[in-house]
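Heads up, the thing below is written out as structure tokens.
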Amino acid sequence: KQVIFNLMMQPVYVLGKYRGRIVVGEKKTDFDLLGVEKKLNESNQYLESIKHKFIATFEISKEGLFTIDLDERVIWINDIMVNMLKLPNNVIELDHFRALIHPEDLQTHLALIGELSLSKQQYISKYRILVNNHYIWVEERGKRLFEDKSTASIMGSLNPIKNKHFRSSN
């Protein structure tokens, strides 16, 4: 019968003096379990790879991208959006961000987000947001993520709308 030993050797010190070594080990005989452990480690590496690619996408995008944690009531925004909205940093309390939205537009925007469900996960909202003491029009496109029942988040993009668009459509 095959057996695998996983050993770890540690030095032993008593009152600062070296007294020898101790070996702690684990005897593994269930090779099916070893296969599961190997697959789990491969899956963890794959998830880390996806995470790094996802972060890189946020960093190189030309669009203002955000993710809202509705449980923690914070919004994380990429550097493009920080510069576009002249915000102090990448993480802002959700209430502070929503305070920048024009009061006439805020209720409509919140109602649209409140209607999101499993059957209607995406939205598009146009509103005015305060930048340097004046309002600019932006278009927000978002998607509510329903991964599990314990988390509530929205991912999306926010981009300015050219003033020319509003002059020609009004």
key: Intermediate values then yes/no, side chain to side chain contact (heavy atoms under 4.5 Å, CB included), Leu116 and Tyr123   = CA-CA 8 Å; Leu116 296 176; Tyr123 67 93; 3.7 Å; yes
message = Would you say that more than 12 heavy atoms from the other residues, nucleotides or ligands in this model lie under 6.0 Å from the OH of Tyr18, or not?
response =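 Enclosed: over 12 neighbouring heavy atoms sit under 6.0 Å from OH of Tyr18.
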With rounding to the nearest 0.5 Å, note down the distance linking [atom1] in [X] to [atom2] in [Y].
X      : Y     : atom1 : atom2 : answer
Arg141 : Leu65 : CZ    : CG    : 13.0 Å
Trp76  : Asn89 : CH2   : CG    : 11.5 Å
Gln45  : Leu40 : CD    : CG    : 10.5 Å
Ile22  : Met9  : CD1   : CE    : 11.0 Å
Ser153 : Ile68 : OG    : CD1   : 9.0 Å
Leu94  : Arg73 : CG    : CZ    : 5.0 Å

Using a 4.5 Å cut-off on heavy atoms from C-beta on, say whether the side chain of [Y] contacts that of [X].
X      : Y      : result
His102 : Trp137 : no
His52  : Ser49  : no
Lys143 : Met155 : no
Phe66  : Ile154 : yes
Ile55  : Lys51  : yes
Arg98  : Leu106 : yes
Lys86  : Asn83  : no
Glu139 : Ile124 : yes

task = Go through the steps for Leu158 and Leu85 under the test side chain to side chain contact (heavy atoms under 4.5 Å, CB included), then give the verdict.
result = CA-CA 10 Å; Leu158 184 96; Leu85 300 178; 3.8 Å; yes
ask   = Mind checking whether Val23 and Phe5 sit in one hydrophobic cluster, side chains of I, L, V, M, F, W, Y counted as touching below 4.5 Å?
value =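 In one cluster: yes.
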Return the minimal non-hydrogen interatomic distance between [X] and [Y], and the atom names on each side.
X      : Y      : result
Lys62  : Ile80  : O-CG2, 3.5 Å
Ile92  : Phe97  : CG2-N, 4.0 Å
Glu140 : Ile113 : OE2-CD1, 4.4 Å
Pro160 : Met84  : CD-SD, 3.0 Å
Tyr135 : Leu130 : CD2-N, 3.5 Å
Asp71  : Asp69  : N-OD1, 2.9 Å

query = Do side-chain atoms of Asn78 reach the backbone of Ile60 as a donor and acceptor pair under 3.5 angstrom?
reply =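 Looks like no, no N/O pair under 3.5 Å.
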key: Backbone of Thr57 reached by a side-chain donor or acceptor of Ser61 within 3.5 Å   =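 Looks like no, no N/O pair under 3.5 Å.
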query = Which is it for Leu100 and Tyr127 under the side chain to side chain contact (heavy atoms under 4.5 Å, CB included) test, yes or no, and what are the steps along the way?
reply = CA-CA 10 Å; Leu100 299 173; Tyr127 56 84; over 6 Å; no
